[in-house]
Amino acid sequence: MLAMLPQHEIAENANGLNTDDLAKWLRAVFGPLFLVIVSIVAIFFLFTREITRFVQFIILAIGIGVIFYVPNIIETTAKAIAKALGVTIT
């Protein structure tokens with residue numbers, strides 16, 4: 001009876017894993033969470049007057065933020081890693 005549901009038929013016909021919208025999903029889920037965490041930690045460092053740690057954290061946060069918010073950086077990085085590992089890219 002469960003096999004008659006439309007979502008099961010679609011899942012059976014898939015030939016492989018579809019990751020076309022994976023980067024968009026990652027940005028939509030982890031992007032806002034990332035900004036909240038960065039804001040909280042930055043405010044903590046400023047209130048405790050740890051300027052050196054604050055600057056180090058902001059530089060790290062900018063580097064990680066580039067991964068989330070620059071278009072196609074995730075896809076380009078994934079393709080480069082796959083190519084370095086010898087995986088054929090289509």
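If you read the sequence from its start, that first residue is 1, and numbering goes on from there.
When every heavy atom of I73 is checked against every heavy atom of V66, the shortest pair comes out as CG2-O, 3.6 Å.
Taking hydrophobic clusters as Ile, Leu, Val, Met, Phe, Trp and Tyr residues chained together by side-chain heavy-atom distances below 4.5 Å, V55 shares a cluster with I58. No single ILVMFWY cluster, assembled from side-chain heavy atoms under 4.5 Å apart, contains both F44 and F47. I40 and L60 fall into different hydrophobic clusters, where Ile, Leu, Val, Met, Phe, Trp and Tyr are joined by side-chain heavy atoms under 4.5 Å apart, directly or via other members. By the criterion of side-chain heavy atoms lying less than 4.5 angstrom apart, applied directly or through intervening Ile, Leu, Val, Met, Phe, Trp or Tyr residues, V29 is not grouped with V36; the two fall into different hydrophobic clusters. At a threshold of 4.5 Å between side-chain heavy atoms, the hydrophobic network of Ile, Leu, Val, Met, Phe, Trp and Tyr places L33 and I62 in one connected group.
Contact check for I64 versus F30: no side-chain heavy atoms found under the 4.5 Å cut-off.
Ring-plane geometry between F45 and F57 is classed as perpendicular, the angle between the planes exceeding 60 degrees on a 0 to 90 degree scale with a lower cut at 30.
The list of side-chain hydrogen bond (donor to acceptor under 3.5 Å, both in side chains) pairs with a residue in residues 51-67, not counting sequence neighbours, reads E50-R53.
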Query - Intermediate values then yes/no, side chain to side chain contact (heavy atoms under 4.5 Å, CB included), T48 and F54 - result: CA-CA 10 Å; T48 57; F54 171 73; over 6 Å; no
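Applying the side chain to side chain contact (heavy atoms under 4.5 Å, CB included) test to A78 and every residue at least two apart in sequence or in another chain returns nothing.
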